[in-house]
There are 2 protein chains.
Amino acid sequence: MPKLGMEPIRRKALVTAAIAEIGAAGSLDVTVSAISKRAGMSSALAHHYFGNKDQIFLAAMRHILAGFAVEVHSRLSVATTARDRLSALVEASFARSCFDPEVISAWLNFYVKAHSSADAMRLLRVYQRRLRSNLICALRPLSQHPEALADGIAAMIDGLYIRAALGAPISQDPVATILAFTAPHLKDT
Amino acid sequence: MPKLGMEPIRRKALVTAAIAEIGAAGSLDVTVSAISKRAGMSSALAHHYFGNKDQIFLAAMRHILAGFAVEVHSRLSVATTARDRLSALVEASFARSCFDPEVISAWLNFYVKAHSSADAMRLLRVYQRRLRSNLICALRPLSQHPEALADGIAAMIDGLYIRAALGAPISQDPVATILAFTAPHLKDT
DNA sequence: ATTTTTATTGATTGACGAGTCAATAAAAAA
DNA sequence: TTTTTTATTGACTCGTCAATCAATAAAAAT
């Protein structure tokens, strides 16, 4: 009873199932069968559409990265001042869709995966470069050394992500933490 | 030709081999055979001394944590002012022995492992609590809100570790980055 | 109407790897 | 000197899992 045009539906189902499964397991040690089962199909079909497990992971990673990009753009588009743009970037990183426990866990695992997968590394570099250049751009009117500031902020974002991933008790809103740390370094104009 | 008293020697060899192997693979996806081979013994012997793979990982993690503790204490013992103690804590995190690529990679992988292993999580919490309380202690004379500052600094340490783990081009000395970020928040006495 | 294309799965293969075990050997204790 | 304890390994078992494949079925194209 095959309906046509299933490919995009199946792909999306597999991607979200993969993220959920990775989140539940807390690692990439997840079987294609488990992912497929959660997505409501046989593992053979998952292989049919994705070829192999790594491609599923990569697609999941792309999905998360794309979700982040959406959060960034939607906030950036309504920001007027440089300070607004900075806030927008930090807030996007901790937006609900990015800061969901499942997503955080998957994100962290992809970070590690990048160590042993050139494809994953490439994807990550794209994200890193984009975030960095966005930060520098927002910081340029606010600082003499936008690069150094941007690197520190990016590190804090990643660091707070890790803590969240570990379920560490978050003392405060991470956004507030980062902005408070950054504030004294900005020109007061 | 068994010489007696091999146990501690074998254990240490396995632990360092495990860290090396994890560093080389960039993941915990490492076989006991590979670890044992690198350590110069059969996999059966590794099982004999450690019981199972997880215990090897845990021991490796403990080894890294202990190495970090040594760096901390050696620096803390010669620090006189509060500012010195703060620098000591940050510098210890990036000491040669802690900032070795192999160690960074292993460290990051243990971080992820903690997600799915209660034992690993316990170890990590010990480290986190210790670092946090050390930081707060050093910051108390320097700030009204030592907790918030400590959390930010801890996050930056982790974040810069991640970037190092990914081999991201490090623009500056991470220690300098953190201290520069922190400086404006400290009492100027 | 038959052929092709798309969707789908159960069953199978093949590899790999953790953990066990029996066997061997040498030191130490009895 | 016999026995026990410690060290050590090669061979084996058992499970798991990624990936393949043959088979089935329905839509679309011819």
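Below, chain A is the first sequence line, B the second, and so on; all start at residue 1.
- For B:Phe181, the ring pair (Phe, Tyr, Trp, His ring centres under 6.0 Å) partners at least two apart in sequence or on another chain are A:His185.
- Between B:Met6 atom CE and C:dA26 atom P the separation is 15 Å, expressed in whole Å.
- For the OP1/OP2 pair of C:dT8 and a distance below 4.0 Å, the side-chain nitrogens and oxygens of A:Arg10 include at least one atom meeting the criterion.
- What separates CD of A:Glu7 from P of C:dT6 is a distance of 10 Å, to the nearest Å.
- The ring pair (Phe, Tyr, Trp, His ring centres under 6.0 Å) check on A:Phe50 picks up nothing, with sequence neighbours excluded.
- Of the two residues contacting DNA chain D, namely B:Pro8 and B:Ala44, the nearest-nucleotide position lying further toward the 5' end is that of B:Pro8.
- With sequence neighbours left out, B:Met121 forms a side-chain contact (heavy atoms from CB on, under 4.5 Å) with A:Leu166, B:Ala114, B:Arg125.
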Distances for protein N or O near nucleotides 28-30 of chain C N or O, under 3.5 Å:
none

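- Listed by residue number, B:His48, B:Tyr49 are the residues of residues 47-56 of chain B with a heavy-atom contact under 4.0 Å to DNA chain D.
- Taking the six-membered ring for Trp and the full ring otherwise, the centers of B:Tyr161 and B:Tyr111 sit at least 6.0 Å from each other.
- Considering only residues two or more places apart in sequence or on other chains, A:Thr31 meets the side-chain contact (heavy atoms from CB on, under 4.5 Å) condition with A:Ser33, A:Ala34.
- In terms of the side-chain contact (heavy atoms from CB on, under 4.5 Å) criterion, B:Ser133 has no residue partners (sequence neighbours excluded).
- Listed by chain and number, the residues in a side-chain contact (heavy atoms from CB on, under 4.5 Å) with B:Leu65 are B:Trp107, B:Leu123, B:Tyr127 (sequence neighbours excluded).
- In this structure, the side chains of B:Val32 and B:Asn52 stay at 4.5 Å or more apart for every pair of heavy atoms.
- Residues from residues 23-43 of chain A that place a heavy atom under 4.0 Å from any atom of DNA chain D, listed by number: A:Val30, A:Thr31, A:Val32.
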Side-chain polar contacts of residues 134-149 of chain A - donor-acceptor pairs under 3.5 angstrom, sequence neighbours left out - could you list them?
| unit_1 | atom_1 | unit_2 | atom_2 | d |
| --- | --- | --- | --- | --- |
| A:Asn134 | ND2 | A:Arg130 | O | 3.3 |
| A:Ser143 | OG | A:His145 | N | 2.9 |

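- Straight-line distance from the CG atom of B:Leu45 to the P atom of C:dG19: 15 Å, rounded to whole Å.
- Here A:Tyr49 pairs with nothing under the ring pair (Phe, Tyr, Trp, His ring centres under 6.0 Å) rule; sequence neighbours left out.
- Among pairs with a residue in residues 60-80 of chain A, those fulfilling side-chain hydrogen bond (donor to acceptor under 3.5 Å, both in side chains) read A:Glu71-A:Arg75, A:Glu71-A:Ser97, A:Thr80-A:Asp84, at least two apart in sequence or across chains.
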